[in-house]
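First the structure, in the form of structure tokens, and then the observations on it.
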Amino acid sequence: MDAGQENTRDGREMIKEIDIDSIVRQRAARHARFIPKWLTALLARIIHQEFINIYLRRGMEGVDFCRGVVEYVGADVKVEGRENLPADGRPCTFVSNHPLGAVDGVTLGWIIGEHYDGKIKYLVNDLLMNLQGLAPLCVPVNKIGKQARSLPAVVEATFSSDCHVIMFPAGLCSRRQPDGTIHDLPWNKAFISKSVQHHRDVVPVHFVGRNSNRFYNVARWCKRLHLPNLAMALLPDEMYHARGKHYVVRFGKPIPWQTFDKTKTPVQWAAWVQDMVYKI
């Protein structure tokens, strides 16, 4: 076990600090000896390892962790439409576009979580479960590997709970489109199906913001050349440069779950909600 980690009862490693050199060499296994030290040092600089670790050492968790990240990176966030946050006590599904890939996630966790006394859950990539500060709010979603078998039960339990669910139905963060606009990929239909099944109203959220041109250029070339999603490695740098940037979070009026009837398929309803989000 690396110095910045500890094991939970289920064997999952909780990351207290990030050590890129150790992570890379652990993943590379027997090929680790071929990886030069200068390369992992470069990666550490790209992701701003020490900047991140300074924050992780504070030991904050849950909603406090989310609020603390926004304050730590120095992002300025304006919230519009707070009056649209449901107050009748019924759990809802909050769905948002995903323009940033990091700051937008923790910002919604902070705003929505603070409003509802921490009763929120994210459906996230299972890798984020390793972050000690975020883990209490996260529900791991892994469609491959050993955890894939338990995915339906995990999602079902989340939507059956009394927690509000926060989702980014696009999965990946937004990309630059051919017309130059920044827009999500088509949304997954799961939030429609599960919200109807569990009688959850859907609250549309529009997060106004964007990443750098470099990020979109790397993402575009990765797609063209059929490379892995290397743009993800740039997300910590995008978060690092959030200082002084201004973002807006707009909450739309809740959409009753009964709206999603048989006149459209779940895929069509998901696209309809996605279009609505961008009009808020």
Separation of [Y] [atom2] from [X] [atom1] (nearest 0.5 Å):
X: Trp269; Y: Ser195; atom1: CH2; atom2: OG; result: 13.0 Å
X: Ile166; Y: Ser96; atom1: CD1; atom2: OG; result: 9.0 Å
X: Gln197; Y: Ser160; atom1: CD; atom2: OG; result: 7.0 Å

*If only atom types and distance count, is the side chain of Asp76 paired as donor or acceptor with the main-chain N or O of Lys245 below 3.5 Å?*
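No, because the side chain of Asp76 does not come within donor-acceptor range (under 3.5 Å) of the backbone of Lys245.
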
_Contact check, side chains of Phe215 and Cys173, non-hydrogen atoms, under 4.5 Å_ =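 In contact.
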
*asked:* Within the 4.5 Å heavy-atom criterion, are Ile54 and Tyr72 side-chain neighbours or not?
replied: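 In short, these two side chains touch, coming nearer than 4.5 Å.
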
Under a single-linkage definition using a 4.5 Å side-chain heavy-atom cutoff for Ile, Leu, Val, Met, Phe, Trp and Tyr, are [X] and [Y] assigned to the same hydrophobic cluster?
X: Met232; Y: Ile20; result: no
X: Val218; Y: Trp221; result: no
X: Val267; Y: Val273; result: no
X: Leu185; Y: Leu234; result: no
X: Val106; Y: Leu56; result: yes

Can you name the nearest heavy-atom pair linking [X] to [Y], along with the distance?
X: Met239; Y: Val103; answer: CG-CG2, 3.7 Å
X: Ser212; Y: Glu238; answer: OG-OE2, 2.5 Å
X: Phe191; Y: Val95; answer: CD1-CG1, 3.5 Å
X: Pro204; Y: Val277; answer: CB-CG2, 3.7 Å

*Determine the sole option in Thr181, Asp184, Asp104, Asn97 for which the side-chain hydrogen bond (donor to acceptor under 3.5 Å, both in side chains) test with Ser174 is passed.*
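Exactly one candidate clears the test, Asp184.
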
